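Beneath this line is the structure, given in structure tokens, with notes to follow.
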Amino acid sequence: MDNVVDVDEEISQQKLSVNSTPYQTQECVLYGSIYIKNVPDLERRLAGLCDPGCEEFFEHEMSFSLRTASTYDLKTDIKLRRRFRSDNQVQNYWQLKYIGVPEPDQKCPTIVRKEISSLVHSNDMMTYAKSLGLRMDYEYITQGKLWTKGNIKILHATLTKTLKAGTYDSTSIKSMSDSALVEISISLPESAEYMTAAKTLRDFADQLMPLVHMEKVDYWKKIFSTPTAPAARR
């Protein structure tokens, strides 16, 4: 999931694994959504289309932005993600991901954007983020499954939010929607030609219809709007 690093603090050296792509890449992405009650149907479709097996995840994600007085209309997105253990205890390893402004290519069937990912360990990540001049826009918790089809990554996840900042146990989180987010993506080397990969991603996405309609969402045109899940649902 976006070069996610799954680290268990007690045996980090044995379990450390990262995606084989370089830390600085570009990615092709499509988004969609589906009613939670229809997720089992989507999973059966993915089981027939994808590589054998899938990986479950339960993660906490925070989205930050960096704006200056001279570039107020242009927001730099920074995402922090940490994986909860199965016993819901918090880890102090974070994935720090920079998301660039998408390429203005109207002919491309997917979003194409630069991204830089790195692994950070901190017991006080908020202090570190503030020292970089970052401002948190929102946070949420995702729980779902990751599938692969060759170099295509497919994930679906339900989104929840905490009712009390800093508390993430089951009694303190609330569902944000009756839908699950669906995301499919391909990572490419930074300077690679992306149109072929984008068309491959679009062809795969079409195989998920009519369960879910994957879209090239123009989210960067709504950077000052409250984030919402894509509207198309089946």
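All values derive from a computational prediction rather than experimental measurement. This chain uses plain numbering: 1 for the first residue, then up along the sequence.
- No side-chain N or O of Asp137 forms a donor-acceptor pair with one of Ser63 less than 3.5 Å apart.
- In this structure a side-chain-to-backbone donor-acceptor pair under 3.5 Å is missing from Glu183 to Ser185.
- For the atom pair CG of Leu96 and OH of Tyr128, the computed distance is 6.0 Å after rounding to the nearest 0.5 Å.
- Counting all heavy atoms, side chain and backbone alike, Trp94 lies closest to Ser122 at NE1-O, 3.9 Å.
- Of all the heavy atoms in His156 and Val182, the pair that sits closest is CB-CG2, 4.2 Å.
- Distance CE/Met62 to CD1/Ile141: 11.0 Å, rounded to 0.5 Å.
- Using a 3.5 Å distance cut-off with no hydrogens or angles, the side chains of Ser117 and Glu115 do pair a donor with an acceptor.
- Counting heavy atoms from C-beta outward, Leu132 and Phe64 have side chains that stay 4.5 Å or more apart.
- Note that the CD1 atom of Ile34 and the CG atom of Leu208 stand 9.0 Å from one another [nearest 0.5 Å].
- Note on Ile36 and Leu42: separate hydrophobic clusters, where clusters join Ile, Leu, Val, Met, Phe, Trp and Tyr whose side-chain heavy atoms are under 4.5 Å apart, directly or indirectly.
- Within the 4.5 Å cutoff, side-chain heavy atoms of Tyr31 are placed close to those of Ile111.
- Atom CD of Glu56 has 12 or fewer neighbouring heavy atoms from other residues, nucleotides or ligands inside a 6.0 Å radius.
- Annotation for Asp105 and Lys216: closest pair O-NZ, 2.9 Å, computed over non-hydrogen atoms.
- Between Val29 and Thr110, the shortest heavy-atom distance links the atoms O-CB, 3.7 Å.
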| task | Please step through salt bridge (charged side-chain N to carboxylate O under 4.0 Å, His left out) for the pair Glu27 and Lys153, ending with a clear verdict. | result | CA-CA 11 Å; Glu27 60 179 2; Lys153 294 175 286 187; 5.4 Å; no
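- Tyr140 and Glu61 share a donor-acceptor pair across their side chains, judged by distance under 3.5 Å alone.
- Arg45 is not listed as a side-chain neighbour of Val212, based on a closest heavy-atom distance of 4.5 Å or more.
- The line from CD1 of Ile152 to OG of Ser187 is 11.5 Å long, rounded to the nearest 0.5 Å.
- With respect to the salt-bridge test (charged N to carboxylate O, under 4.0 angstrom), the residues Asp206 and Arg202 qualify.
- Distance alone, capped at 3.5 Å, is enough to place a donor-acceptor pair between the Asp51 side chain and the Gly150 backbone.
- Between Leu49 and Trp147, every side-chain heavy-atom pair lies at or beyond the 4.5 Å cut-off.
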| field | From CA spacing to verdict: side chain to side chain contact (heavy atoms under 4.5 Å, CB included), Glu103, Lys114 | value | CA-CA 8 Å; Glu103 296 289 337; Lys114 295 289 192 298; 3.4 Å; yes
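- Proximity of Thr158 to Ser175: side-chain heavy atoms (C-beta onward) are nowhere separated by under 4.5 Å.
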| query | Going through the distances and angles, do Gln95 and Leu80 end up as a side chain to side chain contact (heavy atoms under 4.5 Å, CB included)? | reply | CA-CA 6 Å; Gln95 181 204 20; Leu80 287 173; over 6 Å; no
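- Looking only at side-chain heavy atoms (C-beta outward), Leu201 and Ile184 come within less than 4.5 Å of each other.
- Judged by distance alone, the side chain of Lys161 and the main-chain N or O of Tyr138 form no donor-acceptor pair under 3.5 Å.
- Of the candidates Ile154, Leu146, Thr148, Cys50 forms a side-chain contact (heavy atoms from CB on, under 4.5 Å) with just one, namely Ile154.
- Considering all non-hydrogen atoms of both residues, Ile99 and Lys79 come closest at CD1-CE, 3.5 Å.
- You'll find the side chain of Glu190 stays beyond 4.5 Å of the side chain of Gln26, heavy atoms only.
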| side chain to side chain contact (heavy atoms under 4.5 Å, CB included) evaluation trace for Lys145 with Leu46 | CA-CA 11 Å; Lys145 294 181 180 180; Leu46 291 173; over 6 Å; no
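- The line from CD1 of Ile116 to NZ of Lys97 is 11.5 Å long, rounded to the nearest 0.5 Å.
- With rounding to the nearest 0.5 angstrom, the NZ atom of Lys130 is 8.5 Å from the CG atom of Asp124.
- Residues Met195 and Pro109 share a closest heavy-atom pair of SD-CD, 3.9 Å.
- Two residues are said to be in side-chain contact when any heavy atoms from C-beta on lie closer than 4.5 Å; Thr160 and Gln143 fail this criterion.
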